[in-house]
Amino acid sequence: MAEAAENQGTPTAPARRWLRRTAALLLTTGPLIGGMLPAPAVAAEGATHAANAETAAASSVSAAPHRTGTGSRTADISINTLSPATPQKGDTLSVTGTVVNNGRSSITDAAVGLRIGRGANSRSALEQNAGRKDYLPGADGKKVEGKHATAKVGSMRPGIRSSFKLKLPVSALKMDASGVYQLGVTLTGQTRERPYDQILGIERSFLPWQESDAEHKTELTYLWPLISSSHLTARTQSDEAQTPVFRNDDLAKELAPGGRLQQMVNLGKDLPITWMIDPDLLATVNAMTERYRVEKKGGGTVAGKGQTYAKQWLMDLQNAVKGEEVATLPFADTDVASLAHRGKNVPGALGDLDSATKRAKTTIESILHTEPSTDFAWPVEGAIDPSIVDVATSAGAHNVIARSDSFRDTALSYTPTSARPIGGGNTALVADARLSEIFEGDMTRPGATSRAVQRFLAETQALTDQVPGKQRSVLVAPQRMPTAQQAQAMALALSSLQKHGLWAEGSDLSEAADAKPDAGANRRVPSGGQYPSSLRKQELPTKAYRHVQDTKRLVGDFKKVLTREDRVVTPFGSAVERGESSSWRGDAEGAANYRDGVRDYLVGLSKEVRLIQKTPITLSGRSATIPVTVQNNLVQGVEGLELRLKSRRRIGLDVGKPQAVKIDGEHSQSVKFSTTAKANGRAYVEAQLYTKDGKPYGRPMVFQVNVTSITSTVLLVIAGGVLLVVLAGVRMYTTRKRNGGGAAASGQDEPGSGPDEDAGDSGSSGPESGPGEGSGGDGPSGTDGPVGTDDTGSTDDSTDKDGAGDGRPTSDSAHAPAEPEAAPTASPEAGAADPEASEPGNPGEPAAPVDTGTRTGKGSGSVPDTGEKVDR
């Protein structure tokens with residue numbers, strides 16, 4: 001097609017005739033061929049071929065550069081070391097690295113060389129150069145000439161990796177004026193497709209060059225964060241030392257030699273930094289210095305193994321912070337952004353930030369023996385809005401650490417001082433976003449550390465050169481939990497800047513807060529709509545704050561009954577604050593499981609103080625004592641509890657006054673209540689523990705009480721019957737003695753005469769005709785009739801019918817004993833069915849059985865339910 005395009009002209013006569021014949025043939029045979037083939041199939045086949053061709057073309061275009069390196073991307077170069085990072089006059093520059101052939105064919109006559117660009121003092125120029133991937137003539141400078149400026153690599157087959165090392169005097173680079181120079185490491189060679197020397201790969205770095213101190217050095221404040229996720233649970237062993245229980249033993253790995261936190265302390269001790277510490281980390285490590293346990297996945301615990309590492313780490317940290325500025329986050333690094341957006345309207349949630357701030361200060365003072373600053377709040381990634389500022393400063397902090405990608409300065413052509421007054425006596429410390437994010441990458445990749453270090457040094461020098469005659473204070477707030485490799489890269493950059501950086505010097509965080517702000521710098525806090533949606537999605541939900549407040553209320557109620565409340569308040573107070581930590585971002589399920597675990601454990605502990613369920617009891621008398629047992633399975637004692645009984649049926653059962661409860665650890669106490677009853681019957685009694693302020697503690701316990709007393713009327717009737725029997729016996733004896741002589745003389749003992757007849761006559765006034773039939777004396781042991789009957793029974797037949805049962809004898813009852821005034825008769829409702837079965841306000845309680853026997857007014861003598869019997 002290219003040749004045809006180049007030779008366009010008038011076609012010859014034979015060619016025209018051939019074209020006409022071909023066109024006629026197609027017009028004649030086309031319809032026939034089309035009729036023989038199914039139209040949809042032809043269309044589908046054509047579409048398929050077209051799609052395949054298009055896909056193949058697209059894939060060849062897009063995949064070729066990725067699959068096979070071409071042009072200046074044929075080889076991939078990594079700079080592993082560049083020393084010195086900030087060269088001075090007379091130094092020797094050493095560059096080491098690796099090169100990989102990513103092309104399809106072999107590279108021959110390969111050699112690694114250097115190219116040096118022009119000096120620059122613009123941060124935007126650095127950004128542009130760092131983002132370029134291909135070699136660009138002119139922009140990538142000129143080749144460095146010299147004996148040691150090139151290293152031969154030879155032939156390289158596809159996929160082969162080779163290392164290189166260049167060592168040459170700095171003077172060979174010919175860097176004259178101060179500034180940041182782009183240093184390019186290139187690979188030149190030949191390929192089969194292009195058999196001539198060409199640049200097949202390039203990797204860029206930066207060399208800051210300055211021979212004398214800057215007139216106004218930049219004051220650089222670098223935060224060095226000691227923060228970790230939550231490892232400690234609310235659980236403790238029941239021993240006197242309260243052995244702590246950990247979620248896992250991952251913290252021991254971070255404290256071990258080479259671990260993340262061990263590296264942070266070991267590297268930070270000699271650097272110009274400000275320590276930013278989460279007190280929860282200190283408290284957790286301090287707990288590890290003694291014996292501790294670790295939860296197992298299948299349940300139970302095992303002994304922790306980090307005791308030695310924890311002791312050494314705390315000792316190293318104490319030495320590292322001596323004489324240095326230490327700033328503290330709220331305990332457990334409270335997520336102030338989540339609190340501002342999701343939790344501030346939950347009652348009590350804002351108070352958590354204040355308590356976490358106070359706990360932070362005392363924790364650091366007691367463990368590190370230094371006074372920390374609590375005047376700084378650090379929202380996640382420095383993203384702020386007005387609500388975050390309000391919450392962050394509510395606990396006493398007057399400085400909020402923000403970041404320049406949230407707090408933008410569009411009116412200035414240079415980087416201003418970090419401090420910005422934002423009203424209300426508060427200051428926003430705006431950290432530089434580029435400097436803060438430089439070390440967030442994977443520093444284990446080849447060349448990543450060297451690239452980050454040189455970029456950091458170049459950015460700081462370019463920042464100073466923006467306005468040479470103006471001194472500024474710049475804050476760097478890196479990621480909250482750097483890896484060990486990221487910490488090493490940060491330390492290398494700061495160490496190089498400290499030794500040879502002639503354009504910047506270290507400064508404390510408090511000095512950055514007191515720095516004079518730039519007049520033209522942005523002081524307007526971003527609106528809530530500008531808060532990043534990606535960060536908002538990671539915030540704790542509102543229900544999390546409600547859950548936390550419910551747990552706090554349970555802790556408050558539980559501690560009121562304890563003799564040593566510190567054994568509960570301290571571990572649970574810390575655990576509640578850990579549930580609001582910034583470390584849970586991105587792990588919503590883990591956060592919910594942690595909060596649920598804290599609450600469940602607390603509820604389980606509170607249930608260790610409980611009432612022992614009683615079986616149904618029988619009161620054999622109108623006055624008796626009911627014992628109720630309270631059990632305490634806690635290690636410590638409980639006090640301040642009050643046990644109350646409440647009768648659920650109005651049968652006149654007085655359960656007595658409330659009783660105070662005080663029990664030693666792992667003991668039980670039997671609390672006795674003096675009770676009285678005015679009537680027989682069955683009642684349900686509810687026992688409930690209460691705290692000092694009248695709040696119910698634990699679940700109530702309900703038990704059944706049967707009242708089956710022997711009344712005074714029944715006793716009088718029985719006594720009268722006994723007296724009648726005695727009188728009848730005396731009469732029989734007198735009659736027998738009077739008639740005894742005749743009977744003995746005649747020797748006759750006729751049946752139906754003598755004393756037997758007299759006895760039979762007197763039997764009419766014996767016990768059977770003494771008390772009335774409704775006395776209930778036919779029940780077992782002389783007890784009253786069934787539960788719910790009248791406790792006085794029917795009145796005596798010998799009493800005056802007009803007396804309405806007042807107990808006064810009539811004139812024809814000379815042989816019956818005079819009865820005292822009868823006891824008051826129980827109300828008719830006493831014998832009704834048990835109202836508890838339908839009593840409102842007692843859902844879920846067992847209903848009392850209903851007496852279905854026939855009501856005759858006579859006692860049936862039925863035996864009460866079996867169970868505990870309490871005598872009077």
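With Arg699 contributing its side chain and Lys607 its backbone, the two residues share no donor-acceptor pair below 3.5 Å. Judged purely by atom type and a 3.5 angstrom limit, Thr274 uses its side chain to pair as donor or acceptor with the backbone of Leu509. Between the Ser338 side chain and the Asp335 main chain, no donor and acceptor come within less than 3.5 Å of each other. Counting only distance, with no hydrogens or angles, the side chain of Asp664 and the backbone of His667 share no donor-acceptor pair below 3.5 Å. The main-chain N or O of Ala287 is never found under 3.5 Å from a side-chain atom of Tyr292 such that the two would form a donor-acceptor pair. Thr218 contributes no side-chain N or O that, together with a main-chain N or O of Leu220, makes up a donor-acceptor pair within less than 3.5 Å. Side-chain atoms of Thr542 come within 3.5 Å of backbone N or O of Arg342 as a donor-acceptor pair.
The aromatic rings of Tyr601 and Phe572 sit parallel to each other, their planes meeting at less than 30°, with 60° as the upper class boundary.
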Please set out all donor-acceptor pairs under 3.5 angstrom arising from side-chain atoms of residues 278-285, sequence neighbours excluded.
| unit_1 | atom_1 | unit_2 | atom_2 | d |
| --- | --- | --- | --- | --- |
| Asp278 | OD1 | Asp280 | N | 3.1 |
| Asp278 | OD1 | Ala332 | N | 3.0 |
| Asp278 | OD1 | Asp333 | N | 3.4 |
| Asp280 | OD1 | Thr284 | OG1 | 3.4 |
| Asp280 | OD1 | Arg578 | NE | 2.7 |
| Asp280 | OD1 | Arg578 | NH2 | 3.0 |
| Asp280 | OD2 | Arg578 | NE | 3.3 |
| Thr284 | OG1 | Asp280 | O | 2.7 |

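Contact annotation: the side chain of Pro225 approaches that of Pro482 to within less than 4.5 Å [non-hydrogen atoms, C-beta and beyond].
Of the options Asp409, Asn522, Thr427, Asp518, a side chain to side chain donor-acceptor pair (under 3.5 Å) to Arg420 is made by Asp409 and by none of the others.
Asp270 and Gln498 share no side-chain donor-acceptor pair at under 3.5 Å. If you check the side chains of Thr233 and Arg247, you find no donor sitting under 3.5 Å from an acceptor. For Gln307 and Thr289, the side-chain atoms include no donor-acceptor pair closer than 3.5 Å. Using modelled atom types and a 3.5 Å distance limit, the side chains of Gln242 and Gln237 yield no donor-acceptor pair. In this model, no donor atom of one side chain and acceptor atom of the other lie less than 3.5 Å apart for Ser510 and Asp508. Side-chain contact annotation: Asp375 with Ser373, donor-acceptor N/O pair under 3.5 Å absent. For Asp250 and His231, the side-chain atoms include no donor-acceptor pair closer than 3.5 Å. Gln631 and Arg610 share a side-chain donor-acceptor pair at under 3.5 Å.
Taking the six-membered ring where the residue is Trp, the centroids of Phe376 and His398 are separated by 6.0 Å or more.
To the nearest 0.5 Å, atom CZ of residue Phe246 and atom CG of residue Leu232 are 4.5 Å apart. Between the CD atom of Gln488 and the CG atom of Asn266 there is a distance of 10.0 Å, given to the nearest 0.5 Å. The distance from the OH atom of Tyr222 to the OG atom of Ser436 is 7.5 Å, given to the nearest 0.5 Å.
Sorted by first then second residue, the salt bridge (charged side-chain N to carboxylate O under 4.0 Å, His left out) pairs that include residues 566-575, not counting sequence neighbours, number zero.
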